[in-house]
Number of protein chains: 2
Amino acid sequence: MKNDLSKAERTRQYIIETTAGIFNTKGYAGTSLSDLTEATGLTKGSIYGNFGNKEEVALACFDYNLSKINQTVQQRLAEATTYHQKLMVYVQIYQDFAKMPFPEGGCPILNTAIDADDTNNLLKDRAAKAIQAWKKRIVDLIRGGVEAGEFKADVVPEQIALSMIALIEGGIMIAKVTNNPASLAKILKTVEMLITQIKT
Amino acid sequence: MKNDLSKAERTRQYIIETTAGIFNTKGYAGTSLSDLTEATGLTKGSIYGNFGNKEEVALACFDYNLSKINQTVQQRLAEATTYHQKLMVYVQIYQDFAKMPFPEGGCPILNTAIDADDTNNLLKDRAAKAIQAWKKRIVDLIRGGVEAGEFKADVVPEQIALSMIALIEGGIMIAKVTNNPASLAKILKTVEMLITQIKT
DNA sequence: ACTAAAAAATACCGATCGGTATTTTAATTG
DNA sequence: CAATTAAAATACCGATCGGTATTTTTTAGT
């Protein structure tokens with residue numbers, strides 16, 4: 001046994017890692033089983049031996065894509081000392097779009113939210129939960145900053161948090177569809193302004 | 001002749017109006033020819049007599065969806081007198097999400113941008129052009145307001161315009177996927193703040 | 001009303017869809 | 001190493017995919 005994971009677990013992980021970018025790029029309906037077999041070099045029989053159906057693969061891929069981003073975020077948040085710095089992590093992370101922990105196809109939360117919101121409830125719920133968790137993380141940071149005296153007492157954490165997320169996700173969409181990364185940079189300037197404005 | 005439009009033109013229009021919401025809801029890959037025949041009550045032969053292929057229908061539907069929104073926007077812009085009021089039109093329009101000129105499925109620009117950006121270049125270009133036109137409209141309004149002395153001279157029109165669009169589109173995405181219209185309302189408050197901040 | 005032209009319906013095409021039962025191959029354990 | 005088990009490949013399923021050639025029905029001009 002070359003690994004502490006069973007063969008099945010290793011194959012399952014291999015399928016997820018290999019196809020996560022495909023689902024993120026082509027969407028759920030746009031990704032076919034033959035896309036998966038072609039990318040992995042495995043057969044349908046093998047894939048269906050490790051997953052119940054196409055939906056299960058897509059869900060596992062979304063979780064994988066999300067966890068990769070969250071890992072980077074949490075690591076950078078831990079490195080930041082002040083609450084201001086912690087909020088700025090979100091600006092910095094999306095600044096160099098290219099060398100990001102993003103899977104091919106861009107932000108999986110955005111892609112899944114739009115792709116699945118009228119067609120696949122399980123995927124939609126995953127995207128919704130991701131947004132809500134993201135919002136909560138920012139709200140907690142703002143509240144922490146208020147208690148620490150870093151931020152003004154009269155800020156509305158929810159509005160700031162939601163606006164930061166909307167700017168980032170909207171900015172990614174704009175930059176991607178117009179093929180112009182500079183647009184995202186300009187929008188991130190506004191996020192930065194939002195963060196600066198709440199400082200005491 | 002009951003109409004000044006030919007039969008073919010009327011049928012073509014009927015197909016577009018009837019299926020525009022389907023493409024906007026299910027996406028290009030997720031919409032099948034049988035979805036179209038089912039919704040219209042027509043047969044495949046009839047649809048392919050009026051369109052060359054599925055892509056042509058989707059493109060016509062996008063144009064139709066976009067023009068409906070633009071009609072409302074232009075009308076409201078004409079009614080507004082000051083440049084501040086004109087910018088605020090975008091806040092007001094998206095405030096009551098429900099009774100909007102939006103087709104089923106939400107904002108077609110956002111949906112098409114995400115749905116098509118890695119899979120269909122013609123649709124992607126349409127979405128990109130729509131974003132760029134929207135941005136230009138806002139930039140022109142800001143420049144007008146600066147010249148009229150309504151807005152500060154040191155504003156960066158592109159940044160404001162892009163941020164407004166990102167907030168609105170990001171807000172729509174968040175509200176839709178979390179099933180919570182209040183989120184969009186909070187984000188629109190930030191758009192309002194952005195507009196207020198540039199006033200002299 | 002009759003006829004030529006246009007539009008819509010029917011019937012069909014090969015390809016691919018997601019999924020499964022069965023066989024073959026590879027990994028694991030005594 | 002042999003036997004058992006687990007995993008992957010093969011072969012197949014009905015259904016649906018986008019698209020087309022042909023026939024029938026409507027429409028429109030005289």
Side-chain angles (χ1 to χ4, degrees), chain A residues 1-20 22-62 112 115-116 118-123, chain B residues 1-20 22-62 112 115-116 118-123:
Chain A
M1 186 187 289
K2 48 184 77 169
N3 207 322
D4 56 336
L5 280 71
S6 75
K7 184 81 209 305
E9 283 165 334
R10 269 181 289 140
T11 302
R12 192 186 152 90
Q13 200 60 27
Y14 167 72
I15 293 171
I16 292 170
E17 285 168 15
T18 309
T19 64
I22 302 175
F23 277 109
N24 198 47
T25 302
K26 300 181 144 198
Y28 179 70
T31 301
S32 68
L33 258 295
S34 55
D35 287 329
L36 307 186
T37 59
E38 204 175 301
T40 57
L42 298 171
T43 60
K44 245 187 290 191
S46 171
I47 290 175
Y48 275 94
N50 289 283
F51 295 91
N53 49 39
K54 177 178 147 183
E55 191 179 39
E56 267 188 30
V57 188
L59 289 168
C61 283
F62 176 80
T112 304
D115 180 49
D118 293 301
T119 51
N120 189 308
N121 281 326
L122 288 179
L123 276 171
Chain B
M1 188 187 287
K2 47 183 76 166
N3 207 325
D4 56 338
L5 278 72
S6 75
K7 183 78 211 303
E9 282 166 333
R10 269 181 287 141
T11 302
R12 192 186 152 90
Q13 201 58 28
Y14 166 72
I15 293 170
I16 292 170
E17 286 168 15
T18 310
T19 64
I22 301 176
F23 277 108
N24 198 47
T25 302
K26 300 181 145 195
Y28 180 70
T31 301
S32 68
L33 258 295
S34 56
D35 287 329
L36 307 186
T37 58
E38 205 175 300
T40 55
L42 297 171
T43 59
K44 245 188 291 189
S46 170
I47 290 175
Y48 275 94
N50 289 283
F51 295 91
N53 49 39
K54 176 178 147 183
E55 190 180 39
E56 267 188 30
V57 188
L59 289 167
C61 283
F62 176 80
T112 304
D115 179 48
D118 292 301
T119 51
N120 189 307
N121 280 325
L122 289 179
L123 276 171

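Letters A, B, ... mirror the listed sequences (proteins, then strands); counts begin at 1.
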Review point. Taking C-beta and beyond as the side chain, do B/Phe51 and B/Ile15 meet within less than 4.5 Å on heavy atoms?
Key: yes
Study note, to complete from the structure: Across all chains, not counting sequence neighbours, the side-chain hydrogen bond (donor to acceptor under 3.5 Å, both in side chains) partners of A/Ser34 are A/Ser32
Point to revise | Taking every non-hydrogen atom, the tightest pair across B/Thr31 and B/Ile22 | key: OG1-O, 3.6 Å
**Study point:** Nearest-Å distance for atom pair CG/P, residues A/Leu36 and C/dT16
**Key:** 16 Å
Point to revise | Nearest-Å distance for atom pair CG/P, residues B/Asn120 and D/dG18 | key: 13 Å
Point to revise | Any B/Thr11 side-chain nitrogen or oxygen under 4.0 Å from OP1 or OP2 of C/dA8 | key: yes
**Study point:** With A/Asn50 via side-chain hydrogen bond (donor to acceptor under 3.5 Å, both in side chains) - residues at least two apart
**Key:** none
Check your understanding: Do any pairs count as a salt bridge (Lys or Arg N to Asp or Glu O under 4.0 Å) and have a residue in residues 48-61 of chain A, sequence neighbours left out, and if so which ones?
Key -> none
Check your understanding: About how many Å separate CG of A/Leu42 and OH of A/Tyr48, when rounded to the nearest 0.5 Å?
Key -> 13.5 Å
Check your understanding: According to a strict under-4.0 Å criterion, is B/Arg12 in side-chain N/O contact with OP1 or OP2 of C/dA6?
Key -> no
Exercise for review: Would you jot down, in residue-number order, the residues of residues 38-53 of chain A having a non-hydrogen atom under 4.0 Å from DNA chain C?
Suggested key: A/Lys44, A/Tyr48, A/Asn53
Point to revise | Within-4.5 Å side-chain heavy-atom neighbours: B/Phe23 and B/Leu36 | key: yes
Check your understanding: Any chance CG of A/Asn53 has more than 12 other-residue heavy atoms, nucleotides or ligands included, within less than 6.0 Å?
Key -> yes
Exercise for review: Looking only at non-hydrogen atoms, find the nearest pair between B/Ala58 and B/Leu123 and report the distance.
Suggested key: O-CD2, 4.2 Å
Point to revise | A/Thr19 side chain reached by A/Ile47 side chain, heavy atoms, under 4.5 Å | key: no
Study note, to complete from the structure: d(B/Thr112 OG1, B/Leu122 CG) to nearest 0.5 Å is 12.5 Å
Check your understanding: Per the end-axis method with five pairs at each terminus, what is the bend angle of the helix from C/dA1-D/dT30 to C/dG30-D/dC1, to 10°?
Key -> 20°
Point to revise | Whole angstrom value for the distance that separates P of D/dA8 from CD of A/Glu9 | key: 12 Å
Point to revise | Length of the CG-C1' vector between A/Asp35 and C/dG18, whole Å | key: 13 Å
Exercise for review: Tell me which residues in residues 24-34 of chain B put a heavy atom below 4.0 Å from DNA chain C, sorted by number, or none.
Suggested key: none
